Amino acid sequence: MAHGPELISPRSPRVSGARRLGKRNFRGKERLFLAEGPQAVREAAGHRGGGEATLVELFSTVEAAERYADIVADARAAGARVHLADESVIADISTTVTPQGLVGVCRFLDVPFEEILAGRPKLVAVLAHVRDPGNAGTVLRCADAAGADAVVLTDASVDLYNPKAVRASVGSHFHLPVAVGVPVEQAVRGLRAAGVRVLAADGAGEDDLDAELDKGTMGTETAWIFGNEAWGLPEETRALADAVVRVPIHGSAESLNLATAAAVCLYASARAQRAAGGCRSVTPG
């Protein structure tokens, strides 16, 4: 049974340190970020990177510590410092309108791009010029669900550790390797040298996704480049790809949003790559 709050004042140095992680410059300086809510904290507590536990600290209300006693126990087992705090303290740290009572401080997760290449990836999502953190987190979640081997964020894309991106990934930050700050030219060059076919997803693409599937070209190692939410991919990025592929619009919709298009493309590749053994499903039978 949890007892009274240990951290009463939002002016506590530990609380102040956690609150500052809502800003990108402090995250980069400390190489720490915030994970909020039971799902993200549960994933963080069970994750290790580079031989170290990812979860460093956990701030929890008394009610949340009782409701999610297993998560708090996992956090302690991982070596994280656990602080019971007043609800006002959690609200001060949290970046959400309605905090769920758990906020974790986590070490950065990104890996060198070379490490991703060394893993001989079969399916990769490359986020080029993606500026909306919610979209970035959702594409990361889609890549995770489709069984991708890695995600690459170029130097022109949003911060992987933006709180909105972390929330939108719903724990997928902790599931697959992610490289950040990679120039798109370097990403394409490295992937192609590793034997990966590079496709640019663009609504104005010359090639049709359905036609690619019919031709049987989607079963090879593939990296998809996804562009900016508003204006897609610049011509110089499109020119780097082996093909520019559009998702066909069979109805009257003007277009698909970034995350939806990414999900369609990644699952098309995943299904083609798994065709010999059948398509894996996460839907209960």
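Because the structure is predicted, anything quoted here is derived from the model rather than measured. The basis for the numbers below is simple: all heavy atoms, side chains too, and nothing from hydrogens, waters or symmetry mates.
In this structure, V198 is not a member of the same hydrophobic cluster as V244, with clusters built from ILVMFWY side-chain heavy atoms closer than 4.5 Å. Cluster annotation: V139 is not connected to V188 through the hydrophobic network of ILVMFWY side chains, with a link wherever side-chain heavy atoms come within less than 4.5 Å. At a threshold of 4.5 Å between side-chain heavy atoms, the hydrophobic network of Ile, Leu, Val, Met, Phe, Trp and Tyr places V180 and F226 in one connected group. Hydrophobic clustering (ILVMFWY, side-chain heavy atoms < 4.5 Å, transitive): V89 and L32 are in one cluster. There is no path of hydrophobic side-chain contacts, each under 4.5 Å, that joins V56 to L109.
The shortest distance between side-chain heavy atoms of S16 and R20 falls below 4.5 Å. Put simply, the side chain of D208 does not reach to within 4.5 Å of the side chain of V245, judged on heavy atoms. For the pair V152/V178, no side-chain contact is recorded, criterion being any heavy-atom separation below 4.5 Å from C-beta on. Contact check for V124 versus W224: no side-chain heavy atoms found under the 4.5 Å cut-off. Taking the side chain as every heavy atom from C-beta outward, L127 and T154 never approach each other to under 4.5 Å. Q100 places none of its side-chain heavy atoms less than 4.5 Å from the side chain of E36.
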Decide yes or no on side chain to side chain contact (heavy atoms under 4.5 Å, CB included) for I249 and S255, but give the supporting numbers first. CA-CA 7 Å; I249 303 293; S255 64; 5.6 Å; no
Kindly determine whether L191 and V126 satisfy side chain to side chain contact (heavy atoms under 4.5 Å, CB included), including the steps that lead there. CA-CA 10 Å; L191 287 163; V126 180; 3.9 Å; yes
Salt bridge (Lys or Arg N to Asp or Glu O under 4.0 Å) between R246 and D202, worked out: CA-CA 5 Å; R246 68 182 183 276; D202 194 286; over 6 Å; no
Would R271 and M218 count as a side chain to side chain contact (heavy atoms under 4.5 Å, CB included) here? Give the steps. CA-CA 9 Å; R271 183 180 181 91; M218 298 293 294; over 6 Å; no
Go through the steps for L233 and I225 under the test side chain to side chain contact (heavy atoms under 4.5 Å, CB included), then give the verdict. CA-CA 9 Å; L233 290 167; I225 306 178; 3.9 Å; yes
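With S157 contributing its side chain and L153 its backbone, the two residues share no donor-acceptor pair below 3.5 Å. Using a distance-only test at 3.5 Å, with no hydrogens or angles considered, no donor-acceptor pair links the side chain of R141 to the main chain of A136. Between the side chain of E30 and the backbone N or O of L21, no donor-acceptor pair lies under 3.5 Å. A donor-acceptor contact shorter than 3.5 Å is absent between the side chain of D207 and the backbone of A243. Although no hydrogens or angles enter the test, the distance criterion places no donor-acceptor pair under 3.5 Å between the side chain of N135 and the main chain of A259. Within the 3.5 Å criterion, the main-chain N or O of R197 finds no donor-acceptor partner in the side chain of D242. Remark: the backbone N or O of T220 is paired with a side-chain donor or acceptor of Q273 at under 3.5 angstrom. Judged by distance alone, with hydrogens and angles left aside, the side-chain atoms of Y68 form no donor-acceptor pair with the main-chain N or O of R42 at under 3.5 Å. No donor-acceptor pair under 3.5 Å is formed between the side chain of T61 and the backbone N or O of A85. Remark: the backbone N or O of L266 is not paired with any side-chain donor or acceptor of S269 at under 3.5 angstrom.
A salt bridge links R27 and D159; the closest N-O separation between the charged side-chain nitrogens and carboxylate oxygens is under 4.0 Å. Under 4.0 Å is where a charged nitrogen must lie from a carboxylate oxygen, and between R31 and D110 at least one such pair does. Residues K164 and D132 are not paired through a salt bridge, judged by the lack of any N-O separation under 4.0 Å between the basic side chain and the carboxylate.
A distance of 9.0 Å separates CD of E66 from CG of L84, quoted to the nearest 0.5 Å. Taking CD from E63 and CG from L102, the interatomic distance works out to 10.5 Å, rounded to the nearest 0.5 Å. Atom CG of residue D74 and atom CG of residue L58 lie 10.5 Å apart, to the nearest 0.5 angstrom. If you take CZ on R167 and OG1 on T96, they are separated by 6.0 Å, rounding to the nearest 0.5 Å. The line from CG of L140 to CG of L160 is 7.0 Å long, rounded to the nearest 0.5 Å. D92 contributes atom CG, which lies 10.5 Å from atom OG of S12 (distance to the nearest 0.5 angstrom).
Nearest heavy-atom pair across S60 and I90 is N-CD1, 3.8 Å. Contact between E221 and P121 at its shortest, heavy atoms only, is CG-O, 3.7 Å. Here the shortest heavy-atom pairing between G101 and A64 reads O-CB, 3.5 Å. Minimum heavy-atom separation, E57 to L55: O-CD1, 3.4 Å. For G22 against L34, the heavy-atom pair with the smallest separation is N-CD1, 4.3 Å. Shortest non-hydrogen contact noted between V151 and A143 is CG2-CB, 3.7 Å.
With 3.5 Å as the limit, one finds no donor-acceptor pair spanning the side chains of H129 and D155.
Surrounding CZ of R120 are at most 12 heavy atoms belonging to other residues, nucleotides or ligands under 6.0 Å away. Environment of CD in E87: sparse, with no more than 12 heavy atoms of neighbouring residues, nucleotides or ligands closer than 6.0 Å. Heavy-atom neighbours of K23 NZ from other residues, nucleotides or ligands within 6.0 Å: at or below the threshold of 12.
For residues 158-179, the ring-ring contact (aromatic ring centres under 6.0 Å, His included) pairs, not counting sequence neighbours, are F33-Y161, H47-F174, F108-Y161.
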